[in-house]
Undergrad: 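Attaching a single structure in structure tokens format; questions to follow.
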Number of protein chains: 2
Amino acid sequence: MTTSTLVPVFAALGDETRWSILAALGEGDASASALAGSLPVTRQAIAKHLAVLQEAGLVESIRVGRELRYRVLGAQLSETARRLESIGNEWDLRLAAIKRIAEEL
Amino acid sequence: MTTSTLVPVFAALGDETRWSILAALGEGDASASALAGSLPVTRQAIAKHLAVLQEAGLVESIRVGRELRYRVLGAQLSETARRLESIGNEWDLRLAAIKRIAEEL
DNA sequence: ATGTACTGCAACCATATGGTTGCACCACAT
DNA sequence: ATGTGGTGCAACCATATGGTTGCAGTACAT
């Protein structure tokens, strides 16, 4: 996995409505129509958001009869968190190194 | 910190150019003009991106004479990673619980 | 067989976003 | 005093984004 696959994940997470959807799915799997019942946007808007989330690998869809249920995938989030962590650490290390050098002057 | 402060961070990280800027800053502090030298966009575009990054708490600016240098802040990234991790874990736990219930049937 | 409820597609709209150019301004060095 | 190199602001442009409405298709229950 390169950062190129990481960016869409962040882009997907950079929207309030999408977090509402994820939070709702956190309560249990649901279809776009069902979500439209508890959120202040139309089913079609939700469907678009779900497409973005699925593209980012944050949710997966399961056909149940005539409805399409969505399930949140915590693994992708954890994976992303792990990579963020390591990047953050690198930067912190660099800053610490600079500080050390500055103190040696 | 609530998720409302988290979303802008993700939005900021959801752009390739911004990652290029962060990566460049990872090599050392730099001004918008300096960054414009190594990236394929104008200084003004970079200035806008830096404003977004600063708003998200991912960089800070330091005046050095007549120039404004930017420094990357790894801490915010680590903090974000930690919070992502815990959310991801919650979801994974829920999925695991569902799996267990399904197996008991 | 027919109505109901869900999905899928398309058109459309307003605003946000990423980018540009141009210009004014200010600090520093010569 | 003057030129150079940096910042800041504003206008502008094209496209992406988040949202809507409307309609067609399809599966299920009665």
Side-chain angles (χ1 to χ4, degrees), chain A residues 3-25 27-73 80, chain B residues 3-25 27-72:
Chain A
T3 48
S4 62
T5 67
L6 197 55
V7 171
V9 176
F10 290 125
L13 293 176
D15 181 90
E16 302 274 4
T17 305
R18 243 133 35 201
W19 275 97
S20 309
I21 292 175
L22 289 175
L25 287 181
E27 303 293 315
D29 303 350
S31 67
S33 300
L35 290 169
S38 56
L39 294 177
V41 288
T42 58
R43 172 187 63 91
Q44 289 83 344
I46 292 178
K48 285 188 191 177
H49 284 304
L50 286 170
V52 173
L53 290 170
Q54 188 163 23
E55 191 68 24
L58 289 165
V59 303
E60 67 179 354
S61 62
I62 314 105
R63 257 254 129 68
V64 177
R66 68 179 151 184
E67 70 178 345
L68 236 202
R69 293 228 183 114
Y70 287 84
R71 157 173 310 163
V72 83
L73 296 175
T80 302
Chain B
T3 49
S4 62
T5 66
L6 196 56
V7 171
V9 176
F10 290 125
L13 293 176
D15 180 271
E16 303 273 4
T17 304
R18 246 139 24 207
W19 275 98
S20 307
I21 291 175
L22 289 174
L25 288 180
E27 303 292 316
D29 302 351
S31 67
S33 300
L35 290 168
S38 55
L39 294 178
V41 288
T42 59
R43 171 186 64 91
Q44 289 83 344
I46 291 179
K48 285 189 192 176
H49 284 305
L50 285 170
V52 173
L53 290 170
Q54 188 163 24
E55 192 68 23
L58 289 166
V59 303
E60 67 178 356
S61 62
I62 314 105
R63 256 254 129 66
V64 178
R66 69 180 150 185
E67 70 178 345
L68 236 203
R69 293 228 183 115
Y70 287 85
R71 159 172 310 161
V72 82

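The basis for the numbers below is simple: all heavy atoms, side chains too, and nothing from hydrogens, waters or symmetry mates. Sequence lines set the chain letters: A, B, ... in the order given, protein chains first and strands last, and positions in each chain run from 1.
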Undergrad: Would you kindly give the CZ-to-C1' distance between A:Phe10 and C:dT17, to the nearest whole Å?
TA: 19 Å
Undergrad: In this structure, how many angstroms lie between the C1' atom of D:dT15 and the CG atom of B:Asp15, rounded?
TA: 14 Å
Undergrad: Supply the atom-to-atom distance A:Gln54 CD to A:Leu73 CG, rounded to the nearest 0.5 angstrom.
TA: 9.0 Å
Undergrad: What is the distance, to the nearest angstrom, from the CZ atom on B:Arg18 to the C1' atom on C:dA16?
TA: 12 Å
Undergrad: Using whole Å, report how far NZ of B:Lys48 lies from P of C:dT20.
TA: 9 Å
Undergrad: Check the phosphate of C:dT20 against B:Thr42, side-chain N and O only, distance under 4.0 Å to OP1 or OP2. Yes or no?
TA: yes
Undergrad: In whole angstrom, give the distance that lies between atom CG of A:Leu53 and atom P of D:dG18.
TA: 10 Å
Undergrad: Tell me whether the side-chain N/O atoms of A:Thr17 come closer than 4.0 Å to OP1 or OP2 in D:dG19.
TA: yes
Undergrad: Can you tell me how far the CG atom of A:Leu68 sits from the CG atom of A:Leu50, to the nearest 0.5 Å?
TA: 9.0 Å
Undergrad: Please check if the number of heavy atoms outside B:Glu60 that lie under 6.0 Å from its CD is greater than 12.
TA: yes
Undergrad: Tell me the closest heavy-atom pair linking A:Val7 and B:Gly14, and the distance in Å.
TA: CG1-C, 3.7 Å
Undergrad: Can a side chain N or O of A:His49 be found less than 4.0 Å away from OP1 or OP2 on D:dT17?
TA: no
Undergrad: Using a 4.0 Å heavy-atom cut-off across all strands, classify B:Arg69 as base, sugar-phosphate, or nothing.
TA: nothing
Undergrad: Regarding A:Glu67 and A:Ser33, do their side chains bring together a donor and an acceptor under 3.5 Å, going by distance alone?
TA: no
Undergrad: Go nucleotide by nucleotide along DNA chain D from the 5' end; which of A:Gly65 and A:Pro40 gets its closest nucleotide reached first?
TA: A:Pro40
Undergrad: Given atom CG of B:Leu35 and atom P of C:dG19, what is their separation to the nearest angstrom?
TA: 13 Å
Undergrad: Quick check for you: to the nearest 0.5 Å, what is the distance between A:Ile62 atom CD1 and A:Asp29 atom CG?
TA: 5.0 Å
Undergrad: Would you kindly give the CG-to-P distance between A:Leu68 and C:dC9, to the nearest whole Å?
TA: 11 Å
Undergrad: Any N or O donor-acceptor pair linking the side chain of B:Gln44 to the base of C:dG18 at under 3.5 Å?
TA: no
Undergrad: For DNA chain D, what is the dot-bracket line, given that a base pair needs Watson-Crick (N1 to N3, plus N6-O4 or O6-N4) or G-U wobble (N1-O2 and O6-N3) geometry with both distances under 3.5 Å, and | means paired with another strand?
TA: ||||||||||||||||||||||||||||||
Undergrad: May I have the distance from A:Trp19 (atom CH2) to D:dG18 (atom P), rounded to whole angstrom?
TA: 15 Å
Undergrad: Base, sugar-phosphate, or nothing for A:Arg63, non-hydrogen atoms under 4.0 angstrom?
TA: sugar-phosphate
Undergrad: As an exercise, state the distance from OH of A:Tyr70 to CD1 of A:Ile46, rounded to the nearest 0.5 Å.
TA: 11.0 Å
Undergrad: Return the 5'-most residue of the pair A:Arg66, B:Arg43 with respect to DNA chain D, ranking by each residue's nearest nucleotide.
TA: B:Arg43
